[in-house]
Amino acid sequence: MAEVPNKYEIKEVEQKWQSFWEDNEIYKSKINKNKKKYSIVIPPPNVTGILHIGHILNNTIQDIYCRWKRMNGFEVCWVPGTDHAGISTQLMVEKDLATQGIKKEEIGREEFVKKVWEWKEKHGGIILKQLKKLGVSVDWSKERFTLDEGLSRAVKEVFVDLYRKGLIYKGKRIINWDPITKTALSDDEIEFKELKDKLYYVKYPILDSDEYLTIATTRPETMFGDTAVAVNPLDNRYNHLTNKTVILPLVNKNIPIVFDSYVDMDFGTGALKITPSHDMNDFEIGKKHNLPQVNILTKDAKLNENGLEFQGMGVNEARKKVVRKLKEEGYLIKEDEYIHNVSFAQKSGATIEPMVSDQWFVSMKKLAEPAIKVVKEGKIKFYPDRYTKVYFHWMDNIRDWCISRQLWWGHQIPIWYKKDTGEIYCDLKPPSDIENWIQEPDVLDTWFSSWLWPISVFGWENKPNEDKNEQLNYYYPTDFLATASDIIFLWVARMIMAGLEYRKDIPFKEVYFNSIVRDGKGRKMSKTLGNSPDPLVVMDKYGTDALRFTMVYLAPLGNDVLFDIDKTEIGRNFVTKLWNAGRFLLMNKAKIYESDEYGDDVLKDDFTDKWMDSRFNSELEEVEKCLSEYKLNDYTKALYNFVWSDFCDWYIEILKIKIDKYPKSAKYIIDKALKIYEDIVKLLHPVIPFVTEEIWHILEEGRDGKSVSFSEFPEIEKDKINSESEKKFEIFQEIVSGIRNLKAENDIPYSEKCKVYAICSNDIAEKTFDEYNDYIFSLCNLSTLEKIKKLDGDKYLSKVLADFEIHIPFEVNEKQIEKYKKEIENLEKYIANIDKKLSNQNFVEKAPKELIESERAKREEAMGKLKKLKKLV
RNA sequence: GGGCGAUUAGCUCAGUUGGUUAGAGCACUUCGUUUACACCGAAGGGGUCUGAGGUUCGAAUCCUUAAUCGCCCACCA
């Protein structure tokens with residue numbers, strides 16, 4: 001038998017098993033047609049990112065399912081990998097080069113991309129090493145990267161295919177321009193922030209008239225791009241301005257007044273300046289009225305040659321100067337304080353400038369239709385369910401997806417323009433006479449590779465031959481996706497569309513949106529606040545199992561988790577408790593096995609064993625239910641309570657008495673307990689893999705080279721669930737707690753052995769008492785425990801329970817009398833309440849019979865108690 | 001502006017289809033170092049469920065409404 005170490009050496013043990021799992025590649029998955037498969041693809045983190053606390057929860061959830069399914073005999077395949085994260089990575093490298101005084105334009109595209117790859121080799125993949133420490137049971141042999149050869153090929157396949165189907169087009173549109181990274185962004189990559197600004201009222205002179213038309217704007221500096229002023233056709237103030245023209249101040253250009261119902265009469269002056277090149281709505285109005293577009297900004301958001309003397313100024317500087325000039329020339333009427341929303345780039349933080357430019361788009365409507373259908377039909381389920389609504393709302397109003405990015409790091413678009421004719425060529429391979437062509441310089445949005453992830457990771461390089469791709473046919477569709485809810489549109493929805501378009505099948509069956517992790521005060525984790533704990537530090541301090549357990553324990557489905565480092569104590573303490581329970585059982589086993597005084601006098605399963613069998617199987621039922629319904633924190637909570645309270649506080653405590661009392665049966669008693677313990681360890685393995693692996697190996701010799709993660713998950717034995725055993729045990733607990741309580745209330749130390757008389761109130765109490773009075777005696781530390789029919793004399797401390805009266809011979813004190821009185825008062829209130837119900841005609845007529853019966857029973861019980869209590873006062 | 005979620009003990013949260021004297025963990029109080037565990041054990045105090053209406057024999061639970069907090073979508077210059 002393996003030696004039982006005293007202390008659980010967290011770091012050492014976790015390190016040992018992590019290496020064992022990895023070195024032996026035990027989680028490598030092979031196609032096995034005889035087994036049901038269970039596959040998951042990891043949400044690929046940024047290749048240069050580092051592990052943060054949110055990753056812990058997300059990956060632990062996936063790991064729980066992989067380990068659980070594996071123990072249930074599934075062929076489990078969890079594919080890891082990373083994302084090239086176009087914008088973030090390019091920004092990072094640009095910044096790094098800047099410290100060396102190098103600008104990317106100086107070294108050119110090819111050299112720059114080389115530098116990014118070097119950066120990726122040097123700094124990339126750290127996050128995967130960190131995930132290894134977390135104990136994720138992924139198949140490392142299948143690791144992929146969104147820019148590796150195979151995935152790049154898949155991206156091209158899809159681009160070319162969509163282009164040929166007419167679903168990808170190039171268009172001059174107004175897009176979100178990020179002046180820092182100098183690229184277009186999709187609508188989903190920007191966010192709005194409330195800003196305190198000014199609303200300026202500027203008058204535009206009306207041609208051939210003394211009149212002015214006053215407009216209100218927050219962006220006077222864009223006036224150089226104005227090509228009209230719009231008013232509402234129903235606005236009586238401006239009826240007379242039909243076919244009139246205004247003179248654009250400073251520029252002295254004539255622009256028309258147009259009438260459009262879009263204009264809100266109640267806002268500002270009811271007159272709106274129209275800048276089609278630099279405002280989303282103005283762009284639409286401009287198109288409707290055939291207005292020209294005048295671009296006034298350079299790619300880094302400075303005024304261009306159209307900006308007169310303001311050319312070369314940044315937007316903010318230009319605004320100040322333009323306002324000053326307008327004031328000087330008498331065009332500025334007033335300025336008001338104004339709070340409005342301004343859009344920013346999520347990644348770079350730049351203020352977005354809407355600009356008109358040539359970009360590539362995916363036409364989404366047609367792709368969205370089947371993707372809406374599968375969710376409607378319940379083929380894909382979201383947890384929590386409310387995200388289906390969010391999904392439908394976005395999908396029903398889907399807009400075309402701007403996929404071109406003016407970056408260098410990413411998949412360059414497989415489009416070539418003929419130098420002389422401008423003819424467009426689109427294919428996987430460049431044209432043969434490449435010298436006559438120029439490739440589109442733009443790269444694709446990072447999500448254009450991510451949306452293929454569940455397909456492409458299985459080796460979908462060669463679409464035409466996909467039928468022969470065994471991996472894909474076996475593992476696709478995947479079974480489960482765990483991700484954060486903020487990428488439901490960016491990623492989840494698009495994967496569904498891509499899956500249906502390219503595999504004619506959903507990419508996953510169930511989507512779990514895990515909680516957002518916040519700090520203890522409910523604030524978002526952020527670098528600037530410095531409130532984001534480093535998971536590696538936490539793992540170091542408390543152990544990886546502890547962190548995993550705590551995160552899941554605290555994270556309810558659909559709500560945020562408030563996480564503090566200190567809270568990891570929950571998991572750490574639990575792991576220690578589990579460990580110590582095992583240590584205790586094994587120590588006893590060692591003692592018993594080396595002595596021969598323990599014979600065959602076997603005490604077959606007694607009431608505690610029957611109770612434990614029943615409880616364990618109910619617990620197992622609960623565990624399966626929680627896991628299949630994705631109630632992960634209930635899964636951990638159920639086991640936490642079961643292990644701590646039922647198994648340790650009651651079962652093991654009684655076991656101590658049992659082996660003392662029946663030494664000859666000790667072997668049987670300990671083995672029985674160890675069997676339950678081993679099953680508990682298995683139930684906990686999915687969430688705390690390290691400690692359970694260690695325990696499993698200590699429990700039995702000869703498990704070298706094996707892993708608990710491939711052992712069988714316990715099966716429910718329904719016939720062992722027995723409500724009578726549980727009821728009896730509850731009555732037993734009632735009297736034990738009652739006596740302890742009575743002692744404690746009266747300052748009788750637990751160590752002081754005292755005398756207790758018990759009167760049983762019913763048959764089942766009588767039976768329970770007779771059978772188990774030895775245990776009651778020991779657990780309460782008594783000198784005598786006697787069953788009586790009637791009490792003699794009146795010098796007792798007493799307690800009336802549901803099934804028992806207990807009495808300790810003692811001088812009665814005032815304090816105790818007060819207690820009785822208070823309890824009598826409570827009982828009277830309680831009974832009055834029931835009487836009120838029972839005397840209510842409506843209740844008696846309408847309530848279900850069982851309920852009325854149970855109310856009557858409750859009343860009777862309370863009355864009994866009351867009578868007995870009254871005797872004591 | 002539209003939608004969603006939350007509001008239960010000092011704190012963090014459970015509470016299934018309306019029917020329990022409303023639960024847990026942490027914190028707190030008292031007792032306890034009895035040979036698994038002080039990262040422990042035993043016992044205890046503490047809430048009428050954000051406010052106001054309503055439905056019902058019966059509401060923490062259903063409806064209406066208000067307030068507060070949070071999130072998502074839209075982006076009226």
(request) Please lay out, stage by stage, how A/Met395 and A/Ile398 fare under the test side chain to side chain contact (heavy atoms under 4.5 Å, CB included). (result) CA-CA 5 Å; A/Met395 291 295 270; A/Ile398 199 157; 4.1 Å; yes
(request) Evaluate the criterion salt bridge (Lys or Arg N to Asp or Glu O under 4.0 Å) for residue pair A/Glu823 and A/Lys799; output intermediate values, then yes/no. (result) CA-CA 10 Å; A/Glu823 208 165 329; A/Lys799 190 155 210 85; 5.0 Å; no
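Rounded to whole Å, atom C1' of B/C71 lies 15 Å from atom NZ of A/Lys389. Between the CG atom of A/Leu742 and the P atom of B/C31 there is a distance of 18 Å, given to the nearest Å. When rounded to the nearest whole Å, the span between OH of A/Tyr640 and P of B/G25 equals 7 Å. In this entry the distance linking CZ of A/Phe647 with C1' of B/C40 reads 17 Å, nearest Å. The interatomic distance linking A/Asn826 (CG) with B/U48 (P) rounds to 15 Å, in whole Å. In this structure, A/Asn746 places its CG atom 18 Å from P of B/U30, rounding to the nearest Å. Atom CZ of A/Phe549 is separated from atom C1' of B/G25 by 11 Å (rounded to the nearest Å). For the pair A/Lys743 NZ and B/A43 P, the interatomic distance rounds to 12 Å; values are reported in whole Å.
The side chain of A/Asn341 has B/A74 as its nearest neighbour among B/U34, B/A74, B/C40. Side-chain atoms of A/Asn580 lie closest to B/A36 of the nucleotides B/C40, B/C73, B/A36. Distance from the side chain of A/Thr218 is smallest to B/A77 among B/G19, B/A77, B/A43. Closest approach to the A/Asn641 side chain among B/A77, B/C39, B/A24 is made by B/A24 (side chain taken as heavy atoms from C-beta onward). Out of B/G5, B/G19, B/A36, the shortest distance to the side chain of A/Arg386 is found at B/G5.
Contact annotation for A/Val844: no contact, since no heavy-atom pair falls under 4.0 Å across all strands. Using a 4.0 Å heavy-atom criterion, one finds that A/Ser737 contacts the sugar-phosphate atoms exclusively. Within 4.0 Å (heavy atoms only), A/Tyr200 reaches no atom of the nucleic acid at all. As judged by a 4.0 angstrom heavy-atom cut-off over every strand, A/Arg740 is placed among residues touching the sugar-phosphate backbone only. Within the nucleic acid shown, A/Thr576 comes within 4.0 Å of at least one base atom, counting heavy atoms only. Among the atoms of the strands shown, none is found under 4.0 Å from any heavy atom of A/Glu855. The residue A/Tyr677 sits apart from the nucleic acid: no heavy atom pair falls under 4.0 Å. Looking at heavy-atom distances under 4.0 Å, A/Asn840 makes contact with sugar-phosphate atoms alone, never a base. At the heavy-atom level, A/Asn741 lies under 4.0 Å from the strands shown only through sugar-phosphate atoms. If you check every strand for non-hydrogen atoms under 4.0 Å, A/Lys656 touches a base. When heavy atoms are screened at a 4.0 angstrom cut-off, A/Asp649 is found touching the sugar-phosphate backbone but no base atom. Nucleic acid contact for A/Trp644: sugar-phosphate only, since backbone atoms but no base atoms lie under 4.0 Å from a heavy atom of the residue.
Under 4.0 Å is where a charged nitrogen must lie from a carboxylate oxygen, and between A/Glu653 and A/Lys656 at least one such pair does. A salt bridge links A/Lys858 with A/Glu855: the distance from a Lys NZ or Arg NE/NH1/NH2 to an Asp or Glu carboxylate oxygen falls below 4.0 Å. A salt bridge links A/Glu853 to A/Arg856: one of the charged nitrogens lies within less than 4.0 Å of a carboxylate oxygen. A salt bridge between A/Lys637 and A/Glu622 is absent, with no side-chain N of the basic residue lying under 4.0 Å from a carboxylate O of the acidic one.
Remark: the backbone N or O of A/Tyr750 is paired with a side-chain donor or acceptor of A/Asn781 at under 3.5 angstrom. A donor-acceptor contact shorter than 3.5 Å is absent between the side chain of A/Thr214 and the backbone of A/Tyr201.
Annotation: B/U50 and B/C13 have their P atoms spaced 14 Å apart (nearest Å). The gap from the C1' atom of B/U48 to that of B/U8 amounts to 9 Å, rounded to the nearest Å. Rounded to a whole angstrom, the distance from the C1' atom of B/A9 to that of B/C63 is 28 Å. Taking atom C1' in both B/A14 and B/G47, one finds a spacing of 14 Å when rounded to whole Å. Taking the P atoms as reference points, B/C75 lies 34 Å from B/C62, given to the whole Å. Across B/A74 and B/C4, the matching C1' atoms stand 15 Å from one another, rounded to whole Å. Across B/A24 and B/G45, the matching P atoms stand 12 Å from one another, rounded to whole Å. Going from the C1' atom of B/G19 to that of B/C26 covers 32 Å, rounded to whole Å.
Between A/Phe647 and A/Tyr677, the ring planes are parallel. Angles under 30° get that label, and only those over 60° would be called perpendicular. The aromatic rings of A/Phe732 and A/Trp650 stand perpendicular to each other, their planes meeting at an angle above 60°, with 30° marking the opposite boundary. Using cut-offs of 30° and 60° on the angle between ring planes, the pair A/Tyr553 and A/Tyr640 is tilted.
Applying the 4.0 Å criterion to OP1 and OP2 of B/G19, one finds that A/Ser854 has every side-chain N and O outside that range. For A/Arg399 and B/C75, the shortest distance from a side-chain N or O to OP1 or OP2 is below 4.0 Å.
Residues A/Asp187 and A/Thr217 both approach RNA chain B. Their nearest nucleotides, taken by heavy-atom distance, put A/Asp187 toward the 5′ side. Residue whose closest nucleotide on RNA chain B sits further toward the 5' end, between A/Ala216 and A/Phe489: A/Phe489.
With hydrogens and angles ignored, a donor-acceptor pair under 3.5 angstrom links the side chain of A/Lys577 to the base of B/C37. Within 3.5 Å, no donor on the side chain of A/Glu653 pairs with an acceptor on the base of B/A42, nor the reverse.
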(message) Could you write out RNA chain B as dot-bracket? Rules: Watson-Crick or G-U wobble, both distances under 3.5 Å, brackets [ ] for crossings, | for pairs with another strand, dot for unpaired.
(response) (((((((..((((.....[...)))).(((((.......))))).....(((((..]....))))))))))))....
Check: protein-nucleotides 7-15 of chain B nitrogen or oxygen pairs below 3.5 Å:
none

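The salt bridge (charged side-chain N to carboxylate O under 4.0 Å, His left out) pairs that include a residue from residues 555-574 of chain A are A/Arg518-A/Asp560, where partners are two or more places apart or lie in different chains.
In the displayed structure, A/Glu860 atom CD is contacted under 6.0 Å by at most 12 heavy atoms of other residues, nucleotides or ligands.
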